[in-house]
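Excluded from the calculations below are hydrogen atoms, water molecules and symmetry mates; all remaining heavy atoms, backbone and side chain alike, are included. For ligands, and for the atoms within them, numbers begin at 1 and follow the listed sequence. The chain is numbered in sequence order, starting from 1.
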Amino acid sequence: MTSHGSRRIVVKCGTRLLAGSSGVNHAFVANMARQIAQVRAQGAQVALVTSGAVAVGRSIVALPGDALVTRQVLAAIGQAPLMAQYSQCFAEQGMTVAQTLLSRADLHNRTGYLNARNALGGLFDAGVVPIANENDVVATEELRFGDNDRLSVLIAKLVGADRLYILSRTAGLYTADPESEPLAELIPDAGAIPRADLERIAGGASHGGLGGMRSKLQAALEASADGIDVVIAGGDEPNVIVRLESGERLGTRFASQGPRRSSRARWLSSSVAQRGSIVVDDGARRALVSNGSSLLPAGITRVEGAFERGDLVSLMDASGNVFARGLVNYPSTDLDRIRGKPSAVIGAILGASSGDEAVHRNNLVLIDRDAERGK
Ligand code: GLU
C-alpha cells in the first residue's frame with residue numbers, strides 16, 4: 001500500500017495485442033476494460049500505457065515504411081480511433097478514461113516531470129483511468145521514448161506505482177526465443193537468473209513489437225530497482241490482470257529490489273530524463289558506491305553529450321555500465337576542461353568555481369539497490 005492509500009498499478013499493452021490490419025482489436029480492449037473494472041472494484045488505481053496508434057493509423061491510411069514523419073502521420077491518424085475504443089469500452093464498464101500524451105522533451109527537467117505527475121495524480125483523484133502514449137506527433141528522433149516499454153517505467157515512476165504489468169503477445173521472458181526454439185522455457189522469476197544472462201537471453205529474442213524483449217527487460221530492471229514489482233506477461237492470457245492482482249504467478253516476475261524510492265529519487269534514477277554521461281575512473285566509482293561520496297572532477301575521465309549545469313546525467317564506469325545518475329554542477333564544456341583535475345584549481349581554470357563537486361551526493365542516486373545498501 002502506498003502513501004496515497006491505494007494500490008497503484010500501471011498496465012502496458014503492446015501494439016500486437018491492440019491492433020491488426022483491420023484496426024483496433026475491440027475484443028482485447030473490451031477485455032481490458034472488464035478486468036480493470038474488476039481490480040478497481042477491489043481498491044486498486046490503474047493507469048494504462050497504450051501502443052497501437054501507428055498500427056491503427058496504418059489500417060486506415062496505407063502508408064509504407066517506418067520513417068519518422070510516417071510514424072508521426074500514422075500516430076496522428078490512429079490515436080483518436082484508438083482512444084475512441086477505450087472510451088467506449090471503459091464507459092460500458094462505468095469508467096471514464098483520459099488521454100495523456102507525453103513527450104520525452106517535456107520531462108527532462110524536474111518542473112516538467114512534476115507537472116506531468118500533478119496531472120496524473122489529478123486524474124486518479126477524479127477516479128479516471130489515465131491512458132498514456134508517447135506524443136509521437138512532436139517526437140524527434142533524438143528525443144523519443146522510442147518504445148512504450150520505456151514510457152511505462154516513466155509512468156510507473158510518475159504515479160508511484162506498486163506494480164507494473166508489461167503485457168504483450170509473448171507470455172514472458174524465455175530462456176530462448178520461443179518462436180524459433182521449441183525447447184525454450186519460461187523464466188518465472190527473473191531474480192533467480194544473473195543479470196548478464198538475462199541480457200544475453202533478451203538480446204537474442206527480438207520478437208514482440210517495436211520494443212522487443214530487450215526493451216521489456218530494461219524496463220523491468222529499471223522499475224524493479226526503483227521499488228516497483230514488475231511482471232512481463234501475455235496479454236492474451238485469460239484474466240491476466242485480475243489473476244496477477246490476486247497473487248497468481250504468471251509470466252516473468254521481477255520482484256522490487258527494496259522499498260519504493262522517494263519521488264525525487266525516482267526522477268533522478270530515470271533513464272529517459274538524462275541529458276549526457278560522465279565516465280569515471282575505478283577509484284571514483286568505489287568512492288561513490290561504497291563510501292557515499294560526491295563525484296569530484298578529479299575522478300572524471302570523459303564527458304559525453306552536451307548538457308547544462310543542473311541537468312541530469314548518467315555516471316558510467318570505464319566499461320560503459322551506468323551505475324548512478326545525478327544532477328551535474330557544471331556544463332559539459334566546463335566539465336571537460338576540469339576533468340581529472342583537483343577541485344582546488346577549478347576557479348583558476350574556469351575563472352569561477354561552482355563548488356568542489358561535479359555531482360553532489362545529495363543530488364545523486366545509485367542504480368543498483370544492493371550497492372546503495374552497501375552490499
Ligand atoms: N507510440 C507507438 C504507438 O502508439 C508505440 C510504440 C511502441 O510500440 O512501443 O503506435
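- Residue contacts with ligand 1 include Gly52, since one of its heavy atoms falls under 4.0 Å from the ligand.
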Acceptor/donor pairs from residues 110-133 side chains to any protein atom, 3.5 angstrom cut, sequence neighbours excluded:
residue : atom : partner : partner atom : Å
Arg117  : NH1  : Ser263  : OG           : 2.5
Asn133  : OD1  : Asn148  : ND2          : 3.0
Asn133  : ND2  : Gln79   : OE1          : 3.1

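- Considering backbone and side-chain atoms together, Glu134 places no N or O closer than 3.5 Å to any N or O of ligand 1.
- With ligand atoms numbered from 1 in the order given, ligand 1 contributes 9 (O) to contacts under 4.0 Å with heavy atoms of Asp147.
- At a heavy-atom cutoff of 4.0 Å, ligand 1 is contacted by the side chain of Asn133 but not by its backbone.
- Here Arg261 pairs with Asp226 in a salt bridge; the nearest charged N to carboxylate O distance falls below 4.0 Å.
- The backbone N or O of Gln257 sits nowhere less than 3.5 Å from a side-chain atom of Ser224 that would complete a donor-acceptor pair.
- Of all the heavy atoms of Thr15, the ones lying under 4.0 Å from any atom of ligand 1 belong exclusively to the side chain.
- Remark: the backbone N or O of Ile9 is not paired with any side-chain donor or acceptor of Arg163 at under 3.5 angstrom.
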Review point. Checking side-chain contact (heavy atoms from CB on, under 4.5 Å) for the pair Asp229/Asp162: CA distance, chi angles, key distance, verdict?
Key: CA-CA 6 Å; Asp229 271 313; Asp162 304 272; over 6 Å; no

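- Atom 7 (C) of ligand 1 has its nearest heavy-atom neighbour, among Ala55, Ser51, Ala132, in Ser51.
- A salt bridge does not link Asp282 to Arg285: none of the charged nitrogens lies less than 4.0 Å from a carboxylate oxygen.
- Counting heavy atoms closer than 4.0 Å to ligand 1, residue Asp136 contributes side-chain atoms (C-beta onward) but none from N, CA, C or O.
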